[in-house]
Amino acid sequence: MDHRLIRKLRPRLLAWLRRSRSGRVLFMKRFPYKDIKRATDGFQSIMYTTSHIAAYKARFQDGGVVLIKEMRDYDQGKDAFYREVQLLGRLHHRHLLALKGFSTGHKRLLVFDNIERGSLKEHLTDPLRTPLDWRTRLQIVIGVVAALEYLLLFNEPPMYHVSISSSSIMLDENFNAKLSDVGLQSSGENYVTVPHTSCARDCMGQECGNIMFQLGVLILELITGQSADDGGADLVQWIREYRFCSSIHKMLDPDLGTSVSP
């Protein structure tokens with residue numbers, strides 16, 4: 001390309017990049033609020049809630065079932081919300097639920113990808129569903145760890161605001177785990193921060209310690225088939241009280257049958 005043309009286009013390109021970093025969101029679909037309200041049955045199809053997030057199952061007219069997240073008490077300005085949407089939109093990993101779009105009508109809403117098989121919690125607690133075998137449970141843990149590796153080690157900036165729970169882990173048609181609660185208020189804060197870059201190397205910070213605890217609770221849920229409430233403290237206490245460490249096989253989910261193998 002002619003150097004004179006490059007010099008001519010460069011100021012325009014830089015101006016476009018500056019505009020893309022603030023204000024409107026580029027390359028991300030804006031969904032009409034009324035369509036999302038209809039698809040979620042008036043925001044009644046709740047999948048899980050926290051103090052900052054409400055997640056809904058939505059079925060659009062094309063038949064697709066997706067996850068909608070409502071950002072509650074998000075007190076940052078609209079431009080800050082747009083920057084967060086752009087940040088989430090740049091995350092691409094096979095074990096992360098992809099962001100498809102957003103809405104800024106009466107609520108601040110994020111629209112995520114298809115959730116063919118629903119949440120992991122539904123498969124662990126619903127007696128009408130076929131129990132997950134041991135190999136599938138191992139596959140789910142491996143997928144979650146791969147997503148964490150991507151978020152903490154291969155992102156700039158690293159994404160420490162991630163919530164790991166059976167409620168927020170979605171499963172695709174092949175039972176691959178998809179983290180759905182990343183960034184924004186997933187860790188109970190109002191804004192994605194970059195705490196300490198050294199934490200991504202040695203995982204010694206409080207943020208990484210919290211993530212590791214959540215991962216440990218998830219593994220306990222998969223092993224025992226028990227649901228973890230109150231941040232997992234109840235499940236940990238249950239295991240301590242019954243002293244399963246001296247008889248680990250009694251801890252196993254009875255639905256696993258004889259499928260457990262090293």
I'd like to check the side chain to side chain donor-acceptor pair (under 3.5 Å) partners of Asp172; sequence neighbours left out, ordered by chain and number. Asn176
Partners of Thr136 by side chain to side chain donor-acceptor pair (under 3.5 Å), sequence neighbours excluded? Asp133
For side chain to side chain contact (heavy atoms under 4.5 Å, CB included), just list the numbers for Gln214 and Ser165, CA-CA rounded to whole Å, side-chain angles, deciding distance to a tenth of an Å, and then say yes or no. CA-CA 7 Å; Gln214 293 180 63; Ser165 71; 5.8 Å; no
Are the side chain of Glu173 and the backbone N or O of Glu116 linked by a donor-acceptor pair below 3.5 Å? no
Approximate separation, where rounding is to 0.5 Å, of Asn210 CG and Leu215 CG: 11.5 Å
Could you go step by step and tell me if Tyr82 and Thr104 meet the side chain to side chain contact (heavy atoms under 4.5 Å, CB included) rule? CA-CA 10 Å; Tyr82 286 163; Thr104 55; 3.9 Å; yes
Would you mind writing out the side-chain donor-acceptor pairs for residues 89-101 within the sub-3.5 Å range, not counting sequence neighbours?
{"residue": "His92", "atom": "NE2", "partner": "Gly89", "partner atom": "O", "Å": "3.3"}
{"residue": "His93", "atom": "ND1", "partner": "His95", "partner atom": "N", "Å": "3.0"}
{"residue": "His95", "atom": "ND1", "partner": "Ala177", "partner atom": "O", "Å": "2.9"}

Considering non-hydrogen atoms only, spot the tightest contact between Leu256 and Ile223 and give its length. CD1-O, 4.0 Å
Check the pair Met71, Ile53 against side chain to side chain contact (heavy atoms under 4.5 Å, CB included), reporting the backbone distance first and the verdict last. CA-CA 5 Å; Met71 312 311 299; Ile53 291 170; 4.1 Å; yes
Arg129: what forms a side chain to side chain contact (heavy atoms under 4.5 Å, CB included) with it, not counting sequence neighbours? Glu122, His123, Asp126
Quick note, salt bridge (charged side-chain N to carboxylate O under 4.0 Å, His left out) partners involving residues 213-228, not counting sequence neighbours, are none
When Ile, Leu, Val, Met, Phe, Trp and Tyr are grouped by side-chain heavy atoms lying under 4.5 Å apart, directly or through other members, which residues fall in the same group as Leu109? Phe31, Tyr33, Ile36, Phe43, Ile46, Tyr56, Phe60, Val66, Ile68, Val111
Under 4.5 Å between side-chain heavy atoms, hopping through other hydrophobics if needed: is there a path connecting Met212 to Leu222? yes
Heavy-atom closest contact (Pro32 atom, Ser103 atom, distance): C-OG, 4.3 Å
Passes side chain to side chain contact (heavy atoms under 4.5 Å, CB included), Leu152 versus Val162? Steps please. CA-CA 10 Å; Leu152 299 178; Val162 52; 5.6 Å; no
Note: with side-chain heavy atoms under 4.5 Å as the link, the other cluster members for Leu128 come out as none
Nearest-0.5 Å distance that lies between atom CG in Leu87 and atom CZ in Arg83: 11.0 Å
Using the side chain to side chain donor-acceptor pair (under 3.5 Å) criterion, which residues pair with Tyr48? Sequence neighbours excluded. Ser180
Suppose the criterion is salt bridge (charged side-chain N to carboxylate O under 4.0 Å, His left out): which pairs have a residue in residues 31-42, not counting sequence neighbours? Asp35-Arg38
With rounding to the nearest 0.5 angstrom, report the CG to CG distance, Leu151 to Leu179. 7.0 Å
Shortest non-hydrogen contact from Ser166 to Leu218? N-CD1, 4.2 Å
Should Val217 and Ile142 be counted in the same cluster of Ile, Leu, Val, Met, Phe, Trp and Tyr side chains packed under 4.5 Å apart? no
Where do Asp181 and Lys69 come nearest, in terms of heavy atoms and distance? OD1-NZ, 3.3 Å
Is any side-chain heavy atom of Leu220 less than 4.5 Å from a side-chain heavy atom of Gln226? no
Who pairs with Ser45 by side chain to side chain donor-acceptor pair (under 3.5 Å), at least two apart in sequence or on another chain? none
State, to 0.1 Å, how close Ser163 and Ser168 come at their nearest heavy-atom pair, and which atoms those are. O-OG, 3.4 Å
State the NZ-CD1 distance between Lys178 and Ile169, to the nearest 0.5 angstrom. 12.5 Å
Side chain of Gln139, backbone of Phe175: donor and acceptor closer than 3.5 Å? yes
Once rounded to the nearest 0.5 Å, what's the spacing between atom OH of Tyr150 and atom CE of Met159? 9.0 Å
Residue pair Met47 / Leu67: nearest heavy atoms and the distance that separates them: SD-CD1, 3.7 Å
Sort and list the pairs that fulfil salt bridge (charged side-chain N to carboxylate O under 4.0 Å, His left out) and have at least one residue in residues 137-150, not counting sequence neighbours. Arg137-Asp253
